[in-house]
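Just so we're on the same page: letters track the sequence lines, and every chain starts at 1. What you are looking at is a predicted structure, and each value in this text was computed from that prediction instead of being measured.
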Amino acid sequence: MPIKEFLEKISDTVWEIPVSYKEGMRVPARIYGTEKIISELDEAVYDQVTNVATLPGITKYAMCMPDGHFGYGFPIGGVAAMDVEKGGVISPGGIGFDINCGMRLMVTNLTYHEVKPYIKKLVDRLYERVPAGVGSSGFVKLSRNDFRQVVEQGAQWCVNNGYGWEEDLELIEENGCIKGADSAKISDKAIDRGFNQIGTLGSGNHYLEIQVARKLDIFDPELAKTMGITMPDQVVVMFHCGSRGFGHQVATDYLQRFLKVMDSKYGIKILDRELACAPFDSPEGQAYFSAMKCGINMSYANRQVILHRIREVFSEIFERSAEDLGMHMVYDVAHNTAKLENHVVDGKKRSLLVHRKGATRAFAPGMADIPERYKNIGQPVIIGGSMETGSYLLVGVPTGDQTFFSTAHGSGRTMSRTKARKAWKGETLLKDMQKKGIYVRSTSMSGLAEEAGAAYKDIDDVIEAAELAGISKKVVRLTPIGNIKG
DNA sequence: ATGTAC
């Protein structure tokens with residue numbers, strides 16, 4: 001029977017697929033989105049999110065955020081909380097290959113008017129100083145043993161070694177170092193792939209962007225001010241990258257290991273090999289959890305070094321120190337993780353492993369683990385749109401409990417990379433963007449075509465859906481003026 | 001996303 005017959009409208013932005021849809025579903029699936037988003041959704045997402053609903057320990061719902069689209073095993077935009085005291089599993093496909101791919105946002109005290117004459121110079125210099133593209137390596141020279149320290153200490157290692165400011169650490173989830181990362185759980189191959197990649201952007205949808213907060217796009221000036229956006233036309237810097245080849249290798253290593261033991265040792269049957277998993281409370285599950293945390297820390301360190309590099313470049317171009325330029329961080333959010341969190345479910349406190357794959361944590365005001373500065377307003381959420389359109393700064397809200405305090409992470413693709421490459425030419429796109437006032441540098445013209453704005457959902461629709469659903473609140477919309485694309 | 005196939 002077609003999926004539409006099963007899809008039940010819960011509200012204007014929440015759609016449910018009951019357990020009767022597919023044998024083995026332990027909980028219903030819920031998809032977030034407006035009627036428009038749902039009508040354009042890739043049908044494969046229904047299949048994937050209902051597969052996720054069959055995994056052991058899944059609590060309440062298998063969910064998909066409004067930017068959701070087809071991914072490896074889980075949809076990208078997938079949220080699944082596993083009860084670790086009830087045989088809950090950990091699944092690499094629910095975290096993503098690019099472990100802790102995420103966004104970081106930094107403000108400046110410069111206005112559009114001041115930056116505009118330098119935009120070309122600024123983007124060109126950033127392009128030189130922040131290595132981008134497939135297989136790129138960074139300027140931080142590390143031995144393999146040093147790198148093992150980095151993946152255990154994350155951004156804290158960077159600040160201790162001169163890359164950044166002490167205050168940066170307070171503005172990263174887990175203060176830039178998730179506890180329990182154990183490099184003994186990492187293969188030599190993963191170390192080999194990662195040790196020279198600190199401070200590199202990567203490729204695909206990874207980018208570094210110079211943006212402007214236009215007056216009419218500051219929706220809540222009080223909240224914006226708390227986050228450092230204090231004036232119209234203020235220039236900010238946002239970037240998106242992850243754990244590069246390192247995280248990819250960690251995911252590959254453990255997917256293979258889980259496939260070997262999942263059924264034979266633990267009797268877990270899954271509907272799709274891409275959902276390979278192991279009980280959280282098993283030697284294999286715990287080993288991956290520790291290894292995945294190394295990926296989380298690698299990614300924090302990567303973004304920390306890039307942040308440092310951006311400060312250096314601005315300082316050079318504007319001939320003032322980064323302090324004088326007010327280059328303070330707003331926040332750093334993780335997209336691809338599984339974290340152990342306490343949540344209240346049906347009135348009871350439970351320990352849940354919350355998988356967020358292409359989804360952002362969005363803690364409400366007053367919750368633990370929010371920096372002091374944001375305690376009263378909620379956790380900042382940084383949403384990167386496609387490079388042509390715009391991005392958003394949001395905050396978490398109390399009604400976010402329905403998604404274990406998770407929201408969207410980006411626009412969400414509507415078109416495959418292959419299709420996008422056929423539909424557009426990178427060179428034309430580059431010129432069109434230039435006309436719109438966005439100066440772009442990219443390592444790859446075909447890569448640029450893959451990231452065309454038209455290959456993505458409308459970011460404004462996605463944010464609107466997230467706000468209407470009560471899973472995050474918008475604060476500022478940010479417009480790009482310069483972009484370095486990996 | 002990714003030394004875009006070990």
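- In this structure, A:E451 atom CD and B:dT4 atom C1' are separated by 14 Å, rounded to whole Å.
- The structure places CG of A:N336 at 9.5 Å from OG1 of A:T360, a figure rounded to the nearest 0.5 Å.
- Between A:N100 and the options A:H335, A:R303, A:E173, a side chain to side chain donor-acceptor pair (under 3.5 Å) holds for only A:R303.
- Using a 4.0 Å heavy-atom distance criterion, A:Q197 is classed as a sugar-phosphate-only contact.
- In this structure, A:M65 and A:S406 approach most closely via the heavy-atom pair SD-O, 3.9 Å.
- The separation between A:I191 atom CD1 and B:dG3 atom P is 15 Å, rounded to whole Å.
- With rounding to whole Å, A:Q249 atom CD is found 10 Å from B:dG3 atom C1'.
- In this structure, A:R417 reaches the sugar-phosphate backbone alone: every heavy-atom distance under 4.0 Å involves primed, P, OP1 or OP2 atoms, never a base.
- Between A:D192 atom CG and B:dC6 atom C1' the separation is 15 Å, expressed in whole Å.
- Backbone-only engagement by A:G245 is indicated by non-hydrogen atom pairs under 4.0 Å involving sugar-phosphate atoms exclusively.
- Separating the CZ atom of A:F97 from the C1' atom of B:dA5 is a distance of 13 Å, rounded to the nearest angstrom.
- Taking atom CD1 of residue A:I76 and atom C1' of nucleotide B:dT2, one finds them 13 Å apart after rounding to whole Å.
- Residue A:S203 places at least one side-chain N or O closer than 4.0 Å to OP1 or OP2 of B:dT2.
- Within 4.0 Å (heavy atoms only), A:K357 reaches no atom of the nucleic acid at all.
- Each of A:V107, A:V237, A:L307, A:L105 was checked for a side chain to side chain contact (heavy atoms under 4.5 Å, CB included) with A:M329, and the lone residue meeting it is A:L307.
- Rounded to a whole Å, the CG atom of A:D188 is 18 Å from the P atom of B:dC6.
- In this structure, the CD atom of A:E274 is 15 Å from the C1' atom of B:dT2, given to the nearest Å.
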